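All residue numbers in this chain count up from 1 along the given sequence. Worth saying up front: this structure is predicted, and the values here are computed from it rather than measured.
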Amino acid sequence: MNTSEELVPRDKSKLLIVDDEDLVRRTFQRILASELPEHQIEAASDGAEGVEMFREGHHGVILLDLYLPIMNGLDAFRQIELECKARNWEMPCVVFWSGFYPPDTIKNIVDSNPAHYMLHKPVTAKVLMDVLNQRLA
């Protein structure tokens, strides 16, 4: 735990993909590895695993599917918020995504903080990279 008053910055060199669909994870890992070769790209298959990986890595950006097994995207986001507050960490930029219409809670999170974003599947590589590059700037 960070005991100083200074907020620990997020690690913009680390990206985390959290999606239960193996093909989606692998596809986006390939895209990101190609477009952002200097970044470390990790992936988790459910929300609980994503939270645990975040605890270990304090990633700069998280690509987070809303509908996941074990822990859904909203619950994972809330756990990540709690973790950041407990450790005095800067909150990562979270890019939510889903093939379904997002609940109002997610829309409110995105509307209240421009660091976060909502993408609708399917997502093109260009759109994904535009959104990520804005959050890594």
*Applying side chain to side chain contact (heavy atoms under 4.5 Å, CB included), run through Leu16 and Glu42 and close with a yes or a no.*
CA-CA 5 Å; Leu16 177 60; Glu42 297 182 311; 4.0 Å; yes
Test salt bridge (Lys or Arg N to Asp or Glu O under 4.0 Å) applied to [X] - qualifying residues, sequence neighbours left out:
X: Arg55; value: Glu52, Glu83
X: Lys85; value: none
X: Arg10; value: Glu90
X: Asp104; value: Lys107

*asked:* Under the ring-ring contact (aromatic ring centres under 6.0 Å, His included) definition, can you give me all pairs with a residue in residues 17-36, not counting sequence neighbours?
replied: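 Qualifying pairs: Phe28-Trp97.
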*Quick one: side chain to side chain contact (heavy atoms under 4.5 Å, CB included) partners of Ala115, sequence neighbours excluded?*
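Testing Ala115 for side chain to side chain contact (heavy atoms under 4.5 Å, CB included), a comparison that skips the adjacent residues, returns Cys93, Asn113.
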_Taking side chain to side chain contact (heavy atoms under 4.5 Å, CB included) as the definition, give me every residue that meets it alongside Thr124, ordered by chain and number, with sequence neighbours left out._
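In terms of side chain to side chain contact (heavy atoms under 4.5 Å, CB included), with neighbours along the sequence ignored, Thr124 is linked to Lys126, Val127.
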Residues that [X] engages under side chain to side chain donor-acceptor pair (under 3.5 Å), provided they are two or more places apart:
X: Ser98; value: none
X: Asp11; value: Ser13
X: Asp65; value: none

Side-chain donor-acceptor pairs of residues 66-79 under 3.5 Å, sequence neighbours excluded:
{"from": "Asn72", "atom 1": "OD1", "to": "Leu74", "atom 2": "N", "distance (Å)": "3.0"}
{"from": "Asn72", "atom 1": "OD1", "to": "Asp75", "atom 2": "N", "distance (Å)": "2.7"}
{"from": "Arg78", "atom 1": "NH1", "to": "Glu81", "atom 2": "OE1", "distance (Å)": "3.1"}

*Are the side chain of Lys12 and the backbone of Ala137 linked by a donor-acceptor contact shorter than 3.5 Å?*
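Indeed, once roles are kept as given, a pair shorter than 3.5 Å links the two residues.
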*Scan for side chain to side chain donor-acceptor pair (under 3.5 Å) pairs involving residues 26-39, sequence neighbours excluded, and state none if there are none.*
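Pairs touching residues 26-39 that pass the test: Asp22-Arg26.
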